[in-house]
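Okay, structure first, notes after.
Along the sequence shown, residues are numbered consecutively beginning with 1. Since this is a predicted model, take the numbers as computed values, not measurements.
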Amino acid sequence: MHPLLLRPTLAGRLSPRAKSYKTVIACIEEPLSVSRVHFSTSPKVGAKNQVYASVRNPDQFHTYQLLSASSRTPLLTMWTASYCPTCKVVEPLIRELVESGVGEAEGGVGYCEVEYDAPDVMSAGLGMTYMISALPTLLSFDAQEAQVETKVTDARKMANRQFLEEWMRTEARRHGNRGGGGGNFLSNFFGKSK
């Protein structure tokens, strides 16, 4: 057993000089089992959902993607337009769910609206790049990759609170690993285990 692994109760009762000698002896006599070693000195903090400002240009969109990738949280995007009445109905529900913490227990998410009809977004062809063919559209990005297999374009599903909560939790489980949102490597080939 490594002498640096101290038992907190033993280390608190010994003098500084006796600690090193007695700790080595204690570790030999009473081995300490360690199941997980954290190498960070900062305390582990629970993930929080992040709501970003509306995207009106490609640079802003790519910045949010980078922030999301660096924190290993998926970026949930809602593609909307000023002329879309359904978007105005669905957006407050999605924002409320993100702000209320849905998905934080699974690792957290980032969220932003992408204004599809903003001049810079249209001229850059972001909608074409990510195959946005209907508005509103929910599209998740994990490690800067669009997760097109879980894209939601059905407005009835987006108005369903229970569906949205489950979709957000599934996306939050990705943790920057891409793929199936909580499954393992083989689930991509053999389906998810129940």
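- One distance of note links CD of E145 with CD of Q65; it measures 10.0 Å at 0.5 Å rounding.
- Y83 is connected to V114 through a chain of hydrophobic side-chain contacts under 4.5 Å among Ile, Leu, Val, Met, Phe, Trp and Tyr, so both are in one cluster.
- Connectivity analysis of hydrophobic side chains (ILVMFWY, heavy atoms under 4.5 Å, direct or indirect) links M78 to V51, L76, V90, L93, I94, L97, V98, V102, V109, Y111, L138, V152, M158, F163, L164, W167, M168.
- Among pairs with a residue in residues 64-109, those fulfilling disulfide (SG to SG under 2.5 Å) read C84-C87, at least two apart in sequence or across chains.
- Of all heavy-atom pairs spanning Q144 and A69, the tightest one is CG-CB, 4.0 Å.
- One side chain, S140 or E171, offers a donor N or O that lies under 3.5 Å from an acceptor on the other.
- For the residue pair Y116 and G127, the shortest heavy atom distance occurs at CE1-CA, 3.5 Å.
- By the disulfide bond (SG atoms under 2.5 Å apart) test, C112 pairs with no residue at all, sequence neighbours left out.
- Side-chain contact between T80 and L135 is absent, with no heavy-atom pair separated by less than 4.5 Å.
- Salt-bridge formation is not detected for the pair E113/R56: no Lys NZ or Arg NE/NH1/NH2 atom is positioned less than 4.0 Å from an Asp or Glu carboxylate oxygen.
- The closest side-chain heavy-atom distance from V148 to M131 is below 4.5 Å.
- Taking CG from L75 and CZ from F61, the interatomic distance works out to 6.5 Å, rounded to the nearest 0.5 Å.
- S71 approaches T73 most closely through the heavy-atom pair OG-OG1, 2.9 Å.
- For residues 83-93, the pairs satisfying salt bridge (charged side-chain N to carboxylate O under 4.0 Å, His left out) are E91-R95, with sequence neighbours left out.
- Residue pairs that meet the disulfide (SG to SG under 2.5 Å) test with at least one member in residues 118-159, sequence neighbours left out, do not exist here.
- With contacts defined as side-chain heavy-atom distances shorter than 4.5 Å, the pair V55/N57 does not qualify.
- At least one side-chain heavy atom of E96 sits less than 4.5 Å from a side-chain heavy atom of R161.
- Note that the CG atom of L139 and the OH atom of Y130 stand 8.5 Å from one another [nearest 0.5 Å].
- Annotation: side chain of H62 is not in contact with side chain of Q60 (no heavy-atom distance under 4.5 Å).
- Closest non-hydrogen pair, G108 versus P74, comes out as O-CD, 3.5 Å.
- Taking the ring-ring contact (aromatic ring centres under 6.0 Å, His included) definition, one finds that Y64 meets it with Y52, sequence neighbours left out.
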